[in-house]
Amino acid sequence: MLDIRYIKENKETVKKALHDKQLEGTVDIDELVNLHDTYSELLRKVELHRNLRNSLSKDISRVSPEEKAKLLDEAKNVKEELQEMEEELKNLKERIDGMMLWVPNVPAADVPYGENEEGNKVIKQDGTLPEFTFKPKDHLDLGESLGIIDTKRGAKLGGFRSYFLAGKGMLLEQAILRFALDHMIQQGFTPMNVPVMLDKKYFVGTGYFPWGSEDHYTTQEGQALVGTAEVSLTSYYADEVLDESQLPVLLTGQSPCFRREVGGYGKDTKGVFRVHYFTKVEQVVLLPEGEDLSREWHDKMLGYAEDILKALRLPYRVLLMCTGDMGAGQRKKYDIETWFPSQESYKETHSDSYFLEFQARRLNIRYKDREGKLKYVSTINNTVAATPRLLAAVLENYQQEDGSVSVPEVLRSYTGFDKIEPAR
RNA sequence: GGAGGGGUCGCAUAGUGGUCUAGUGCGGCGGUCUUGAAAACCGCUAUAGCCGCAAGGUUAUCGUGGGUUCGAAUCCCACCCCCUCCGCCA
C-alpha cells in the first residue's frame with residue numbers, strides 16, 4: 001500500500017506504474033483521489049458534529065431538569081444528522097479502502113519497462129553448462145527410471161500436478177532443503193517453522209491479495225493456504241512496533257507451499273516442475289527505511305541464493321525483471337533461472353524482491369527509530385531453495401551416461417550416499 | 001465439540017451509564033538533592049487524523065464489528081483470541 005498523500009502528490013507516477021505493470025483499468029487513480037478529497041471534507045464536518053454532540057451530552061449531565069428537556073431535543077436532532085453523515089462517511093471509507101488495495105507499488109528507477117517476460121534483462125550468468133556425451137534425459141524420465149519420482153500414482157491419488165518422491169529421491173530432496181536452511185542459519189538468519197493456513201488479511205498484507213487470490217486454496221474456516229512462507233514470515237510482526245535496535249530482522253523458514261496454478265494448465269505439464277504442492281526454504285528481511293539499504297540487502301539476499309546454486313554447481317543466470325513481469329507490490333525483482341539440460345534452457349527457481357514500505361503499511365509493521373519516531377519497516381524476500389523444482393535441476397545436471405545420478409558433493413554428508421542408481 | 005473464566009495506557013491492576021479529559025503501582029524519560037550513585041521528592045510518559053505560525057483546540061481508538069442511548073470501557077448482539085477443565089487426536 002502506498003500513502004494516500006504520496007498518491008495525491010504523485011498521481012502521474014502512480015498512473016504510470018499501473019500502466020507499466022500492465023494493470024491499467026484495475027483502479028482509477030483520479031477517482032480515488034477525488035473520493036478521498038470528498039471523504040476528508042466530510043470527515044471534517046462529521047468531527048465538528050461529533051464535537052457538538054459531545055458538548056451537548058456533557059451539558060445535559062450538568063444542567064437543571066428544566067433545561068435538560070430542551071437540550072435533549074437538540075441532541076436528538078444532532079444525533080440523527082450525525083447518523084446520516086456517518087453512514088455516508090463509512091461508505092466512502094469502504095470504497096477508498098477497497099481501491100487502495102489495488103494501487104500497485106511504483107517500480108524502482110532501474111527497472112526496465114516491458115509488457116511481459118520478454119522485457120526481462122539477463123544481468124548475470126554463472127557456472128559452466130554440463131556437456132553430455134549422450135542425450136540428457138529430462139528429470140521425469142530420470143526420476144521414473146531411478147524409481148524416485150512417481151507422477152502417475154501422484155495423479156491417481158491427487159490429480160494432475162501431484163507426485164510422489166520415493167527412496168533416495170525423497171532423501172535427496174530433504175538434503176537440498178536442509179543444506180539450504182543451514183546456509184541461511186550460517187548467515188545469521190533465525191530458522192522458523194511457520195503456520196501455513198493464515199487469515200486472509202495476511203495475504204492482503206503481503207500483496208498476494210487481491211491480485212493473486214485465484215491462485216490460493218482456502219479452508220472451510222475461510223483461511224487461505226500459503227503459496228510461500230514469505231506470507232507467514234513477513235507477517236510475523238504484523239500490528240507490532242519494533243525497536244530500531246532489533247533491525248534487521250533476519251528470518252528463514254521452511255514450509256509447504258500450495259498453489260492452484262490456475263491459468264497455467266498448459267504450462268510445464270511434465271514432471272514435477274510445476275506442482276500444486278511443494279516445499280520451500282524462504283528468506284525474509286525486515287529493515288529500517290531507506291531505499292539504499294533495501295537495495296543493498298536485496299543484492300545480498302540474491303547472493304545467498306547464488307551461494308546455494310554455486311555450492312550445488314548448478315549453472316544459473318540472474319534476470320532483472322521488467323515492469324510487466326513483476327508483482328504489483330514489488331519495487332524491484334530478480335529471478336534466478338537454473339539450467340535444465342533436457343530443455344537446453346534456464347528455468348525459474350528463485351525470486352528475490354524488495355518492497356520498501358509497501359507490505360509493512362498493509363501489515364502495520366512499524367519500528368521506533370533512534371529519535372523515537374514511528375516508521376514503517378522495509379521488507380525483502382527471496383527463495384533459498386524450492387523443491388522438487390531444484391531437485392529436478394540437480395537430477396538433470398548430475399545425470400550420468402549409465403542412467404545414474406551422482407549426488408552433489410556438498411549434499412553427501414546429508415544424504416549418506418553419493419549416487420542414485422536405476423531401479424532394477 | 002462441551003462447560004466455565006478472561007481480553008483496559010510498555011507491564012500489572014482499578015474501573016457496571018455522565019468531571020473516564022481512563023485512576024493506581026511498576027518500568028521509562030527529565031529534574032531537585034548528592035563528590036558520585038542509591039533513596040526520597042517533583043514533573044512528564046500512547047497512536048492516527050483534522051484546525052492552527054504557535055500556544056493550543058478537536059475527532060477516533062479500553063480484543064473486533066454492530067446495536068441501545070443525548071451520552072458506552074461500562075448495557076445488548078455477533079465474532080476473534082487467551083486461560084482452566086472435559087472430550088477427541090499426531
message: Suppose we screen for ring-ring contact (aromatic ring centres under 6.0 Å, His included). Which residues come up paired with A/Phe189, at least two apart in sequence or across chains?
response: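 Expected list: A/Tyr304.
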Look through every strand shown and name the nucleotide pairing with [N] as Watson-Crick or G-U wobble, where both distances are under 3.5 Å.
N      : value
B/rA90 : none
B/rA3  : B/rU84
B/rG25 : B/rC11
B/rC70 : B/rG18
B/rA48 : B/rU59

task: Go through the structure and list residues passing salt bridge (Lys or Arg N to Asp or Glu O under 4.0 Å) with A/Asp239, not counting sequence neighbours.
output: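 With sequence neighbours excluded, A/Asp239 shows a salt bridge (Lys or Arg N to Asp or Glu O under 4.0 Å) to A/Lys201, given in chain and number order.
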Answer with base, sugar-phosphate or nothing: what part of the nucleic acid does [X] contact at a heavy-atom distance below 4.0 Å?
X        : result
A/Asp59  : nothing
A/Leu56  : nothing
A/Leu374 : sugar-phosphate

- request: Please list, chain by chain and in numerical order, all residues satisfying side-chain contact (heavy atoms from CB on, under 4.5 Å) with A/Lys347, sequence neighbours excluded.
  value: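 Listed in chain order: A/Asp268, A/Phe273, A/Phe340, A/Gln343, A/Ser345.
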task: Return the set of residues passing side-chain contact (heavy atoms from CB on, under 4.5 Å) with A/Tyr277 (not counting sequence neighbours), or none when no residue passes.
output: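 Testing A/Tyr277 for side-chain contact (heavy atoms from CB on, under 4.5 Å), a comparison that skips the adjacent residues, returns A/Tyr163, A/Pro256, A/Phe258, A/Thr279.
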message: I want to check a possible cation-pi pair here: A/Lys200 against A/Phe209, using under 6.0 Å from ring centre and within 45° of the ring axis as the test.
response: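 Checked: cation-pi criterion not met.
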- request: Only pairs at least two apart or in different chains count here, so list each ring pair (Phe, Tyr, Trp, His ring centres under 6.0 Å) that has a residue in residues 138-159 of chain A.
  value: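 For residues 138-159 of chain A: none.
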Residues two or more places apart in sequence or in another chain: which of them pass side-chain hydrogen bond (donor to acceptor under 3.5 Å, both in side chains) with [X]?
X        : result
A/Glu67  : A/Ser64
A/Arg295 : A/Asp110, A/Tyr354
A/Arg50  : A/Glu86

- request: Look at the rings of A/Tyr334 and A/His298 and say which category their plane angle falls in: under 30° parallel, 30 to 60° tilted, over 60° perpendicular.
  value: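 The rings of A/Tyr334 and A/His298 lie parallel, inter-plane angle below 30°.
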task: For RNA chain B, find the residues of residues 77-97 of chain A with a heavy-atom distance under 4.0 Å and give them by number; none if there aren't any.
output: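 Close to the strand are A/Lys79, A/Lys90.
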Stretch residues 35-48 of chain A: residues that reach within less than 4.0 Å of RNA chain B through a heavy atom: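 Those residues are A/Arg44, A/Glu47.
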task: Identify the 5'-most and 3'-most nucleotides of RNA chain B with at least one atom closer than 4.0 Å to a non-hydrogen atom of chain A.
output: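 Listing 5' to 3', RNA chain B meets chain A from B/rG18 to B/rG71.
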- prompt: How far, in whole Å, is B/rC51 from B/rU45 if one measures between their P atoms?
  reply: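 Here B/rU45 and B/rC51 have their P atoms 24 Å from each other.
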field: Residue pairs passing the salt bridge (Lys or Arg N to Asp or Glu O under 4.0 Å) test where at least one lies in residues 349-367 of chain A, sequence neighbours excluded
entry: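 Every salt bridge (Lys or Arg N to Asp or Glu O under 4.0 Å) pair that includes a residue of residues 349-367 of chain A, provided the two are not neighbours, is A/Asp3-A/Arg361, A/Glu357-A/Arg361.
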